[in-house]
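Notes follow once the structure below has been shown.
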Amino acid sequence: MGVYKSEPLKSWAKAKELRLKYYKDYREAHKKGGIRWTGGAWAFDAIPAGLGRDVYNITGEPYGASLAFDKPLSQECMEAAEAKGWARDLCSYMRNYWGSMYLNKYAFGGEYPTPDFCYQDHICCSHGKWYQHVAEYKKIPYFCIDVSVGPYKDLDEDRLMFVVNQMHEAIEWLEKVTGRKYQDDLLIEAVENEFRSTSTWAEICLLNMARPAPLDEKTMYSLYVHGTLAKHSKEVADFYEELRDEVQYRVENNIAALPNERCRLMSDTQPPWGFLKVFRYLEQYGALSVGSLYTFGLIGIWETKPDGTWGPRTTPMQKGEKITTRDQALRLLADWNLSKPEWQHFYDPDLKTEMMLQIVKQWQLDGVLLHLNRGCEGLSCGIMENRLGIAEAGVPVMTFEGNMGDEREFDEKSVMSRIDSFMERLDLKMLESKARA
Amino acid sequence: MITAGIDMGAKNIKTVILRDGKMIGKSMIPTGFDQAESARKGLEAALKAAGIELSAIGHITATGAGRKSAPHAHSDITEVGADAKGAIFRVDSARTVIDVGAEEGRGIKIDSNGKVLDFAVNEKCAAGAGSFAESMSRALEVTLAEFGEMSLKSDKHIPMNAQCTVFAESEVVSLLHAQTPKEDIARAVCDAIASRIAAMARRVGIEKNVALIGGVAHNAGFVTSLKRALDCDLIIPEEPEYMGALGAAVVAGERIDNGGK
Amino acid sequence: MFEQFFEWYEKRHDYAQGWMKKTGGEVVGCFCSYAPEEIIYAAGHLPVRMLGSHEPQDVTEAHIFGMFCPFCRDVLAQGLKGRYHYMKGIMIAQSCLHIRQSFTSWKKHVPVDFAYYLYMPNKVQTEHSRPYLKSEFEKFKTALEEWTGKEITEEALRESAELHNENRRLMHEVYELRKGPNPAITGLEAMVMVASSFFVDKKDHNAELKRILPQLKDRQLDRETGARLMIVGSEDDDTDFVRMVESVGATIVVDEHCTGTRYFWNLTQFDGDIMQDLANRYIDRPPCPTKDWEERRRFPHILQLARDYNVDGVILIQQKFCDPHECDIPPLKEYLNANGFPTLFLEFDVTVPLGPMRIRVEAFLEMVGEEELF
């Protein structure tokens, strides 16, 4: 019962290749005297890039998600973490990661490649503690930048300087720990790449306003991930521009992600990585998720345009700003990241509800699916108030409990049943005949 | 016009036959291991009670956890949808519906036509309702019915942790060892379950009138506790455990009108 | 001897409303022990720490997801149930994600005139946090002045800081008396003494402490001390639990938790710039786990306390779902055990099953007792 034409994404192969290369490079880093570090996806990865062109990292959250895909390995990791006494309700990415470290198993083959140092940012309670443990276990140095200075709308010089001062400190620390001389020109390059990659990602998400949507969220997960691995790299920035061009092409030619798209939804928080079939299930109703604040704003950087709509944040380069000094680069980098949509709700759930309702309006959505993610206290912070706010605004919303990284906490049958009830509420019947007559 | 609704519950299969808005036959059979077979038996029994043949039925809609396995059914509807339709059919002033089953509790916000506006289902924490009451009644060595009656005899409010079933069970053990009267324990358990259900229902907002359906509505002790927890009155339709099946039968009628969809 | 503290602890709302009538000031609820109470007090208001009531409730599920700690939900329930109807101001100095949801939901659903979120740094281990926190305190002071319509003078700040220091000094004096072989104070009394200080004017609390201290020095308790225990953990004002532990052959002689010594342990050092001095006090205080990185500074502090108070065993108390403490407890357990201190881990909810807990505590005491023999 196709209504729109569909085509596989040409950039798919490149996306996969880039991701596997990233994990391979990290493992092989030492072979040519390179550096490897580990930290969160939000750690300002542009900064260590100033140490040289042979600096590789793995970011904990995507790595934790990669482990979650491999159900048997994840189970081993979880059990290893629990054997050490860690509680089951801790961040499931972190437990997967620690498990991998204890078992000395790398999700991409071989042993867990010990990093040279840990370098992180802190906004949720677990962030600073995650790598504290990695550092003490592996006996390696550790530096973490505190970014919890409040929402972007309240940013002032004192708050910005607290972050920037720590960034300067980080550079001195990196020099000391690696023995290398820091190169400001590499920092500036990395920072500009990051502006480019994160604003281009937002452009791609914006294109999903089209009807039919050129991308579905399940596909987008395999594409936004690069921004969580190495948003500071030229490769990712270039890839996103290529991808944007392809998505633009799809929009111009009405190529849909879901041929029988008749219901547009958005989700929230990380998906249950072991059960992405939830999205396939929705497709049986002709429903797709076109994105979420999470997919749009985890790495995408946005701003409100003069006409009140949401769009990619204008980069300093687009404004004609030339970055010439270290301090200038760090200030711009800090400011840029502090405006990240996924950093706002930590201070007030209403800020997130507003953004979510903006997405519902602008992307013309019929409903919202909230994943009450027991594996992430950070992104689930305030989520019940988000639910109330969305319901009060008259937007159909449903919740389901799950865990992004611990598949033991996902009740597949119960979730599918709720989706059925929600679809009924939206007056949608399944397209395939699983029903009778 | 004759329709039928089959509620393929986890524990029991309920079947209702409706003619022109009146229930002319019903049955309740344990689900057992072979739910399709039990459903067949249930339908047979209901047909017998109604004094009609299967061919007389215009449309059969199934609901419940096992709805996709219901033999003879022409269509299906979720429990949430069925509960809403069943409740509004019997209680036309209902705007909030609370269904407490063996394993799941639901809170549903509806409009005057029984359309679902919002719904909530009990989450992992504070899960289980009917089954918890059952295991507690076993611990107190009484039947479930006696358990409810006993709780009414108590005027004490012993706070029990309503958040976690496992913690609550430990608390009951402590109370038993401290020689607390069984009536007081029964009431504490009813209050705890009621508290969980109230917390869940509050997620969709409590708008009057509130209808309570599902088998647990027969438990007078639980009903009293729930009224207290919600601080409002509850309307319990007759045969509350059949409301899901009834709702499905009502929907079956709507589907005949719409050409069998 | 501790009746006044018990009364303040149990009748906190009566005290608060009485204080408001007497002074004309407002009550400001503080959601976290990092709140700069000195500034609030200097503004003429009473800072009160938000605690729960240890009752199961069913009103917060629509606001805070069930996987966050029971304590933060208990706190929000107090607001939603109207227990703090008289309280017009609230503030939070951020630390963990759990309690901050109590604040944001309270702000949204409970009528208040003043709600302030102070962006307290988490990286207290960087020197940059000092000027930063000073600037945040300045902003808070300005906001308070706008609400009150009155300037907060430097003198008022200094006096307030002195008063709070005095309270801390006096409580230290009481704690000192627990170091000896037969402490004259039970853990229950000490817990209520500290917890009551959250709810009352430090002037009143100081007066009461000064009154009992001379008597305490000569006090003999008609009970066996038994095993000397320390409780370490997250938020804990569970008096029923403490009472139970002290009834089975033990005495709690010291603690390191959120509603205990972490609250009052360090004093403000005066160095010429009152706002910076206050900021330094909060930067340097015994840290909550969310603020204890990259280095572990909390662990040596706990070990020192255990040694100073000659502790036989440590009970690790953790609010269910408390991520910050869950991140510390396994290494802390190892650390304490390696340094010769046996540990017992217990998970808490707002109500606790005393029966099963008693069994665990008694077994622990047996184990601790056996170690004594060697």
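It should be emphasised that the depicted structure is a prediction, and the values quoted were computed from it without experimental measurement. Each chain gets a letter, A, B and so on, in the order the sequences are listed, and its residues count up from 1.
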- Which of residues 276-287 of chain C get closer than 4.5 angstrom to chain A, counting heavy atoms alone? none
- May I ask you to decide if the ring planes of A:F162 and C:Y132 are parallel, tilted or perpendicular, using 30° and 60° as cut-offs? parallel
Contact origin within [X] toward chain C - heavy atom pairs under 4.5 Å:
{"X": "A:Q120", "result": "neither"}
{"X": "A:Y131", "result": "neither"}
{"X": "A:M161", "result": "neither"}
{"X": "A:L388", "result": "side chain"}

Expected output: side-chain [X] to main-chain [Y] donor-acceptor under 3.5 Å:
{"X": "A:D146", "Y": "C:N122", "result": "yes"}
{"X": "C:R100", "Y": "A:F346", "result": "yes"}
{"X": "A:Q132", "Y": "C:D292", "result": "yes"}
{"X": "C:K123", "Y": "A:C144", "result": "yes"}

- Message: Quick one, C:P324 and A:K129 - any side-chain contact, counting heavy atoms below 4.5 Å?
- Response: no
- Query: Looking at A:P349, A:G150, A:A135, which makes the most heavy-atom pairs under 4.5 Å with chain C?
  - Reply: A:G150
- Query: Any idea which of A:I383, A:D350, A:D348 has the most non-hydrogen atom pairs under 4.5 angstrom with chain C?
  - Reply: A:D350
Top contributor to chain A interface from [options] [non-hydrogen pairs under 4.5 Å]:
{"options": "C:Q318, C:H98, C:H109", "answer": "C:H109"}
{"options": "C:D323, C:I92, C:D328, C:T104", "answer": "C:D323"}
{"options": "C:K139, C:E334, C:Q125, C:M120", "answer": "C:K139"}

Let me confirm one number: the [atom1]-[atom2] distance from [X] to [Y], rounded to the nearest 0.5 Å.
{"X": "A:S126", "Y": "C:L97", "atom1": "OG", "atom2": "CG", "result": "7.5 Å"}
{"X": "A:R88", "Y": "C:F321", "atom1": "CZ", "atom2": "CZ", "result": "11.0 Å"}
{"X": "A:H127", "Y": "C:C327", "atom1": "NE2", "atom2": "SG", "result": "11.0 Å"}
{"X": "C:H325", "Y": "A:C125", "atom1": "NE2", "atom2": "SG", "result": "10.0 Å"}
{"X": "C:F65", "Y": "A:N373", "atom1": "CZ", "atom2": "CG", "result": "8.0 Å"}

- Query: What's the verdict on side chain to side chain contact (heavy atoms under 4.5 Å, CB included) for C:Q94 and A:Y347, showing C-alpha distance, side-chain angles and the deciding distance?
  - Reply: CA-CA 9 Å; C:Q94 84 186 345; A:Y347 311 102; 3.4 Å; yes
- Message: Please tell me whether C:T126 and A:E169 have a donor and an acceptor in their side chains that are separated by less than 3.5 angstrom.
- Response: yes
- Checking side chain to side chain contact (heavy atoms under 4.5 Å, CB included) for the pair A:E385/C:S105: CA distance, chi angles, key distance, verdict? CA-CA 7 Å; A:E385 292 290 357; C:S105 287; 2.6 Å; yes
Answer with side chain, backbone, both or neither: which region of [X] has an atom nearer than 4.5 Å to a non-hydrogen atom of chain A?
{"X": "C:P289", "answer": "both"}
{"X": "C:K108", "answer": "side chain"}
{"X": "C:E294", "answer": "both"}
{"X": "C:E127", "answer": "neither"}
{"X": "C:I64", "answer": "backbone"}
{"X": "C:F345", "answer": "neither"}
{"X": "C:E136", "answer": "side chain"}
{"X": "C:K107", "answer": "side chain"}

- Message: Can you give me the closest heavy-atom contact between C:M67 and A:S380, atom names plus distance?
- Response: CE-CB, 4.1 Å
- Task: Could you list which of residues 151-159 of chain A have a heavy atom closer than 4.5 Å to any heavy atom of chain C, in residue-number order?
- Result: A:P151, A:D154, A:D156, A:D158, A:R159
